[in-house]
Amino acid sequence: MESCITPACQSARDIFHELEEHYDEHNLYFQTIGSVLEAADALKVPHRLKLILTQPKNEIMIHFPVQMDDGSWQLFKGYRVQHNNVLGPYKGGIRFHPEVKLDEVKTLSLLMTMKCALARLPYGGAKGALRVDPRSLSPHELQKVTRRLTAALGSNIGPDHDIPAPDVGTNAQIMAWMADTYINFSDSSKKTTALGVVTGKPLEFGGSEGREKATGQGLVYVLDALLPGMQMDIGQLTYSLIGYGNVGSWTARLLKDRGSKLLTVMDHTGAIYNADGIDADALAEHVRATGGVAQFKDAEAISNENFYSTQVDLFIPAALEQMVDLEHAEHMSCKVLVEAANAPTTPRAERYLLDKGVQILPAILCNSGGVTVSYFEWKQNRQSETWDAEDIDARLKKIMTAAAKRVLETAERLDCNMRVASYASAIEHIDKVYKVRGVFP
Ligand code: NAD
């Protein structure tokens with residue numbers, strides 16, 4: 001990984017020095033808090049707010065054993081990091097991935113605090129993870145592991161306290177097992193509201209219309225709001241995509257409806273290219289059947305180098321963190337980097353691309369459609385209501401458009417880039433709430 005060279009690093013160094021914590025500049029958490037503190041400095045918020053945001057409120061680590069199908073036992077490690085709850089209950093996804101680390105989860109929880117605040121949702125930020133490769137488990141093992149994880153989290157989650165959702169490696173079925181386990185543990189007087197302990201559930205079991213496509217849909221609404229100001233037409237543009245999971249595949253299918261052309265896609269199985277455009281629906285079907293984009297018959301296989309250097313209007317990373325580093329950035333040829341994944345761009349890559357005139361639309365704006373429709377699901381669960389798909393889309397569009405305008409207005413007012421502006425708008429809101437609530441005691 002690369003060292004952090006943004007001006008924000010000094011701010012992060014000073015705060016960690018004050019807290020007697022030692023972080024190196026290669027650390028993702030250090031890099032992310034650095035950008036957040038840069039925004040806090042631009043706003044000149046009270047020092048206490050910078051201290052509060054620099055560390056999560058709670059970092060929960062759990063270990064639990066599960067007996068596998070072959071009779072052997074495995075010990076699993078899980079995390080739930082609750083970053084901040086001044087705006088409302090903690091909220092954030094839960095990830096199943098074999099290489100997940102605590103600092104990655106801390107980073108993602110910090111981004112959730114920022115994301116919910118920017119969208120003005122009544123939530124704080126959290127994130128969870130389990131160190132496991134879900135593809136290596138049988139369906140029976142996956143269910144046992146999920147239920148045991150939920151039991152181990154116990155009262156650390158709850159519909160009024162901390163509400164997980166799907167993320168990398170988890171899906172609606174896993175959310176259903178989590179909700180069912182939690183409901184089984186709750187008092188008979190609380191079973192109805194207990195359904196709201198997780199969002200992203202299947203439609204038949206308290207899920208919401210539009211949740212599955214929500215992150216991609218929200219991203220398209222952000223593009224609708226911002227591209228005209230960049231003299232770009234969504235119906236005329238070309239793009240490349242990293243990741244063809246929930247976020248990547250929905251983004252592609254929705255952009256297909258708008259007339260954008262997908263030239264190249266890369267995922268964990270390889271990279272593919274078609275100069276005439278890749279059909280997003282056919283590719284989604286292929287990925288469902290085979291597990292990845294490799295071997296898709298209507299595109300040619302290309303190297304990762306050629307993937308990054310393909311000339312496109314939009315470059316959309318929708319996979320894991322830090323997949324756009326300086327080396328990649330030097331080969332990239334795009335007008336706008338649209339961050340669908342969380343923290344996909346390293347600070348050096350960001351600086352290089354901004355200097356080259358590439359616009360970067362930040363993750364906390366672009367991918368907040370997921371948590372927004374999660375909020376709608378939670379509200380429906382609390383009120384025992386079901387809203388129709390048109391209603392969900394209209395409400396989502398309103399929130400995404402308002403958030404995009406907020407970022408533009410803040411960038412202009414503070415004369416800064418969109419990432420700093422998105423954090424600044426979030427921090428401004430959090431600061432106001434701390435001012436009216438006060439800091440206990
Ligand atoms: P997913 O598990 O559905 O898909 C992940 C994708 O990443 C897969 O296509 C996989 O092939 C690809 N990938 C994994 N390792 C890779 C590698 N080394 N090289 C290239 N591709 C690789 O996950 P998702 O839910 O689509 O999440 C993607 C990103 O979006 C994550 O950063 C997540 O935190 C973020 N996000 C997701 C949601 C949501 O609602 N699911 C909401 C907000 C943000």
Side-chain angles (χ1 to χ4, degrees), residues 28 32 91-100 104-105 107-112 114-116 118-119 121 125-130 132-135 164-175 198-201 207-208 210-219 222 240-253 264-272 283-284 286-288 290-294 296 303-304 307-308 316-325 328 338-345 362-377 396 400:
L28 181 62
T32 310
K91 184 89 188 81
I94 202 139
R95 170 175 295 196
F96 285 6
H97 194 275
E99 280 145 33
V100 77
E104 173 187 330
V105 187
T107 305
L108 295 167
S109 73
L110 162 68
L111 291 174
M112 283 307 296
M114 293 293 121
K115 200 180 296 185
C116 294
L118 173 63
L121 302 178
K127 199 77 177 191
L130 186 70
V132 64
D133 178 1
R135 295 189 191 99
D167 191 69
V168 173
T170 53
N171 55 25
Q173 174 61 75
I174 289 173
M175 294 305 113
V198 290
T199 55
K201 299 180 292 291
S208 176
R211 175 59 186 91
E212 213 199 304
K213 66 163 186 168
T215 308
Q217 183 69 74
L219 184 143
V222 168
S240 57
L241 191 56
I242 311 181
Y244 216 75
N246 173 290
V247 179
S249 69
W250 274 109
T251 298
R253 280 177 276 176
T264 178
V265 188
M266 181 179 87
D267 76 356
H268 70 286
T269 64
I272 57 171
L283 183 60
H286 173 80
V287 171
R288 226 184 329 268
T290 67
V293 302
F296 180 58
S303 65
N304 288 0
F307 166 80
Y308 279 99
I316 311 182
L320 301 177
E321 294 74 38
Q322 308 232 297
M323 297 205 66
V324 178
D325 63 18
H328 299 133
V338 184
E339 294 187 334
N342 287 308
T345 317
I364 67 157
L365 171 63
C366 292
N367 69 26
S368 59
V371 68
T372 302
V373 178
S374 275
Y375 166 58
F376 299 158
E377 177 177 334
L396 176 63
M400 300 305 298

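Order of appearance sets the numbers: ligands from 1, and atoms from 1 within every ligand. Because the structure is predicted, anything quoted here is derived from the model rather than measured.
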>> Strictly below 4.0 Å, N to O, side chains only: are Glu321 and Arg95 in salt-bridge contact?
In response: yes
> Among all protein non-hydrogen atoms, which one is nearest to atom 2 (O) of ligand 1, and what is the separation to 0.1 Å?
Replying inline: Gly169 N, 3.1 Å
> For atom 19 (N) of ligand 1, what's the nearest protein heavy atom and its distance?
Replying inline: Met323 CE, 3.1 Å
>> Any non-hydrogen side-chain atom of Asn246 less than 4.5 Å from a side-chain atom of Trp250?
In response: yes
>> Regarding ligand 1, does Gly245 bring an N or O atom to under 3.5 Å of one of the ligand's N or O atoms?
In response: yes
> If you measure from each non-hydrogen atom of Leu108 to ligand 1, which part falls under 4.0 Å: side chain, backbone, both or neither?
Replying inline: neither
>> Please check this pair: side chain of Thr264 against backbone of Ile272, looking for a donor-acceptor N/O pair closer than 3.5 Å.
In response: yes
>> Which residue and atom name correspond to the protein heavy atom nearest atom 43 (C) of ligand 1, and how close is it?
In response: Asn367 O, 3.6 Å
> Hey, are the side chains of Leu219 and Val338 touching, using non-hydrogen atoms and a 4.5 Å cut-off?
Replying inline: yes
> Are any of the side-chain heavy atoms of Val265 and Phe296 separated by less than 4.5 Å?
Replying inline: no
> Taking the minimum heavy-atom distance to atom 10 (C) of ligand 1, which of Arg211, Glu99, His268, Glu212 ranks first?
Replying inline: His268
>> Please classify the Ser368 to ligand 1 contact at 4.0 Å (heavy-atom distances, strictly less than): side chain, backbone, both or neither.
In response: neither
> At a non-hydrogen distance cut-off of under 4.0 Å, which region of Ala318 contacts ligand 1 (side chain, backbone, both, or neither)?
Replying inline: backbone
> Hey, are Ser374 and Arg211 close enough side-chain-wise for a donor-acceptor pair under 3.5 Å?
Replying inline: yes
> Which protein heavy atom lies closest to atom 33 (C) of ligand 1, and at what distance to 0.1 Å?
Replying inline: Asp167 OD1, 3.2 Å
> When you measure from atom 26 (O) of ligand 1 to every protein heavy atom, which one gives the shortest distance, and what is it?
Replying inline: Val247 N, 2.9 Å
> In the protein, which heavy atom is nearest to atom 39 (C) of ligand 1, and how far is it?
Replying inline: Thr215 OG1, 3.5 Å
